[in-house]
Amino acid sequence: QQQVKQSPQSLIVQKGGISIINCAYENTAFDYFPWYQQFPGKGPALLIAIRPDVSEKKEGRFTISFNKSAKQFSLHIMDSQPGDSATYFCAAVKAAGNKLTFGGGTRVLVKP
Amino acid sequence: NAGVMQNPRHLVRRRGQEARLRCSPMKGHSHVYWYRQLPEEGLKFMVYLQKENIIDESGMPKERFSAEFPKEGPSILRIQQVVRGDSAAYFCASSPLRTGATGELFFGEGSRLTVL
């Protein structure tokens, strides 16, 4: 049972373009939604996170949009740069929970 | 402040052998998590431990896999009688608080197990 579904699996964008990654969740008990960035050969690292009482959160070129009624959230990478080329994972966790549930990941390639 | 340290980074085993993966959490972190990443797939939760206690092992296969986090020393993920399907990257993560409190885990660089 895949509790967090992520799309697309891969994405190619030109430098300066916008990368958009979408996630949908099933469990309404989730109440914190982080995004992780993973470079090849490295472990994932927290990029940005949002709680469901907020519809949007922006940190630099990274923005999370959250639609609680649709149980969907998305990551937008504005002005994408080659250094943003990585795999991005959405995740969800319950406030009283012990584990992150990850989406399947999106491999983003930003072409110069 | 050193990050989460995992070793070995790469491990090759033949079918039927044992694999032992070690993880030292960040200083001050008492919560340790193990995740498995299969090729081209996401991260799957395996087990959550605190010192000397297994808190949640709902993601661990029932057989051949075990984990510990002793009072002294690193956390160990042990896989007995490895099979080809165990080939994966195993990530350890630590946090100062339970995951749900912050949603932030600090991951190591992983141990990549290849079973021949």
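Here is the naming used below: chain letters follow the sequence lines, and residue numbers restart at 1 for every chain. No experiment lies behind these values; they were computed from the predicted model shown.
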Problem set entry | Flag side-chain contact, heavy atom, 4.5 Å: Leu43(B) against Phe89(A) | yes
For this session: Verify, without hydrogens or angle tests, whether Tyr32(A) (side chain) and Glu104(B) (backbone) share a donor-acceptor contact under 3.5 angstrom.
Result: no
Problem set entry | Residue Glu59(A) excluded, over 12 heavy atoms near CD under 6.0 Å | yes
For this session: Counting only heavy atoms closer than 4.5 Å, note whether Gln38(A) contacts chain B via side chain, backbone, both or neither.
Result: side chain
Exercise. Can you tell me how far NZ of Lys44(B) sits from CG of Leu100(A), rounded to the nearest 0.5 angstrom?
Worked result: 13.0 Å
For this session: Answer yes or no: does atom CE of Met5(B) have more than 12 heavy-atom neighbours from other residues, nucleotides or ligands under 6.0 Å?
Result: no
Exercise. Take atom CZ in Arg61(A); do more than 12 heavy atoms of anything else shown fall under 6.0 Å from it?
Worked result: yes
For this session: Verify the neighbour count for atom CD of Gln50(B): are there more than 12 heavy atoms of other residues, nucleotides or ligands below 6.0 Å?
Result: yes
Problem set entry | ILVMFWY clustering at 4.5 Å (side-chain atoms), partners of Ile18(A) | Ile20(A), Met78(A)
Exercise. Should we count CZ of Arg107(A) as having more than 12 external heavy atoms under 6.0 Å?
Worked result: no
Seminar exercise, completed: Greatest number of non-hydrogen atom pairs under 4.5 angstrom with chain B, of Gly41(A), Pro44(A), Gly105(A), Ala91(A), falls to Pro44(A)
For this session: Step through it carefully: locate the ring centre of Tyr35(B), locate the ring centre of Phe102(A), and say whether they are under 6.0 Å apart.
Result: yes
Exercise. Chain A heavy atoms under 4.5 Å from Gln6(B): which part of the residue, side chain, backbone, both or neither?
Worked result: neither
Exercise. Can you say whether Tyr36(A) sits under 4.5 Å from chain B via the side chain, the backbone, both, or neither, judging by heavy atoms?
Worked result: side chain
Exercise. Do Leu105(B) and Leu46(A) have side-chain heavy atoms sitting under 4.5 Å apart?
Worked result: no
For this session: Decide if atom CD of Glu56(A) counts as having more than 12 heavy atoms of other residues, nucleotides or ligands within a radius under 6.0 Å.
Result: yes
